[in-house]
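Quick notes on the structure that follows.
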Amino acid sequence: MPELPEVETVRRGLTQLVVGHIIESVEVRWEKIVGLDTAAFNQQIAGRTIEKIDRRGKYLLFRLSGEKTLVSHLRMEGAYYTVPAGTQPGKHDLVTFHLDQAVDLFYRDTRKFGRMKLVANSDVMRVAGLATIGPEPTADTLSLEYMQKEFLHKTAIKPFLLDQSHIAGLGNIYVDETLWQAKIHPLQPANSLNIEQLETLRMCIIQELARATDHHGTTVHSFTTAFGHAGEFQNELQVYGRVGQPCYRCGATLVKIKVAQRGTTFCPVCQILH
DNA sequence: CGAGCCCCCTGGGTGC
DNA sequence: TGCACCCAGGGGGCTC
């Protein structure tokens, strides 16, 4: 499931593979992904050059010629990869971008949850999700002062961190990881954290996402980079996927509960609810 | 405004 | 071997 480190890894791969190419035509094999059929999407996008690829939170932003942006969210299993022109698409290859220089860019999405939308550059920040997105989790953009003002809700910290309007980029895996690192219980109300805990959490989030990005993201289920490689960060995970195994810090058995409909693994000894 | 729930989907796992 | 079920989950949208 792509979170910020995985999306950033995809962005870097795509930058090498498709920037500078012209989109000659497209084929849409599952209309809900794009919200348009092949003819309508083709009419909007054909002839544009891919000038640059940006990222905001978990959104990929393909900057195209003519002041347009293709906003793409991979959701659970969306993936991009390039193949030689003429390659037959597989069952789960839902969109084909026929590029110049005999390259096809495939969008594959087993569960069909991903979405993409072409908008004018001036409308990008009006796209649902981007309109309300919180700051990027870096030292420059996520300040302690912001967190003190933002974390005033009594909502449990886990769903609070999953809400992209507070901080951009965290998903289920990295929320469980950073809460374990900061020794905070996933049900702890966001407004109950003191300033020391907020600063600890802030640094854990910033460092964990940077470290995961350095490792090309986490591969669970199906994530691969645009080059078809798996990430390596799954080997670094401390709690996610380790229910029933010993806590690396205290040795207690990690437990799994449901928090806001999400599977949540934590240490019942290190992460005490206050 | 917030909490809770539904929905979108399919592959993989489990039980019989 | 096969069938019926259940589960995972990001985020938009809905109701209360």
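No hydrogens, no waters, no symmetry mates; every other heavy atom, side chains included, goes into these values. Below, chains carry the letters A, B, ... as their sequence lines are ordered, and counting in each starts from 1.
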(message) What does the B/S/- profile of nucleotides 8-14 of chain B look like, 5' to 3', with a 4.0 Å heavy-atom cutoff to protein?
(response) BBBS---

Between protein and nucleic acid, restricted to nucleotides 13-16 of chain C and to nitrogen or oxygen atoms under 3.5 Å apart, what atom pairs and distances do you find?
none

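- Taking each heavy atom of A:T265 and A:L254 in turn, the nearest pair found is CG2-CB, 4.1 Å.
- Within the structure, a side-chain polar atom (N or O) of A:H153 is placed less than 4.0 Å from OP1 or OP2 of B:dG2.
- Taking 4.0 Å as the cut-off between side-chain N and carboxylate O, A:E3 and A:K58 do not count as a salt-bridged pair.
- No salt bridge links A:D54 with A:R56; every basic N to acidic carboxylate O contact stays at or beyond 4.0 Å.
- Side-chain contact of A:Y80 with A:S72: a donor-acceptor pair under 3.5 Å is present, judged by distance alone.
- Classified by interplanar angle (parallel below 30°, tilted 30° to 60°, perpendicular above 60°), the ring pair A:H73/A:Y59 is perpendicular.
- If you take CD of A:E77 and P of C:dG9, they are 11 Å apart, rounded to a whole angstrom.
- Between A:F160 and A:H166, the ring-plane angle classifies as parallel under the 30° and 60° cut-offs.
- Summarising the geometry, the separation between NZ on A:K154 and P on B:dA3 is reported as 6 Å, rounded to the nearest angstrom.
- For the side-chain contact (heavy atoms from CB on, under 4.5 Å) test, residues two or more places apart in sequence or in another chain that qualify with A:T132 are A:S165.
- Residue-level contact check: A:G129 touches the backbone only, with heavy atoms under 4.0 Å from sugar-phosphate atoms and none from bases.
- Here the P atom of nucleotide B:dG4 and the NZ atom of A:K258 are 15 Å apart, to the nearest Å.
- Atom pair A:L187:CG and B:dG4:C1' shows a separation of 15 Å (rounding to whole Å applied).
- As a whole-Å value, the separation of A:L74 CG from C:dG9 P is 17 Å.
- A:Q164 comes within contact range of the sugar-phosphate backbone alone, with a heavy-atom separation under 4.0 Å but no base atom that close.
- Between the CD atom of A:E6 and the P atom of C:dG9 there is a distance of 14 Å, rounded to whole Å.
- Proximity of A:Y59 to the phosphate of C:dG10: no side-chain N or O atom is located under 4.0 Å from OP1 or OP2.
- There is no side-chain donor-acceptor pair under 3.5 Å between A:H274 and A:Q188.
- In this structure, A:L4 places its CG atom 11 Å from P of C:dG11, rounding to the nearest Å.
- Computed from coordinates, the A:F160 CZ to B:dG4 P distance equals 16 Å when rounded to whole Å.
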(message) With side-chain hydrogen bond (donor to acceptor under 3.5 Å, both in side chains) as the criterion, how do A:N191 and A:H153 come out once you've worked through the C-alpha distance, each side chain's angles and the decisive distance to 0.1 Å?
(response) CA-CA 5 Å; A:N191 65 358; A:H153 307 259; over 6 Å; no

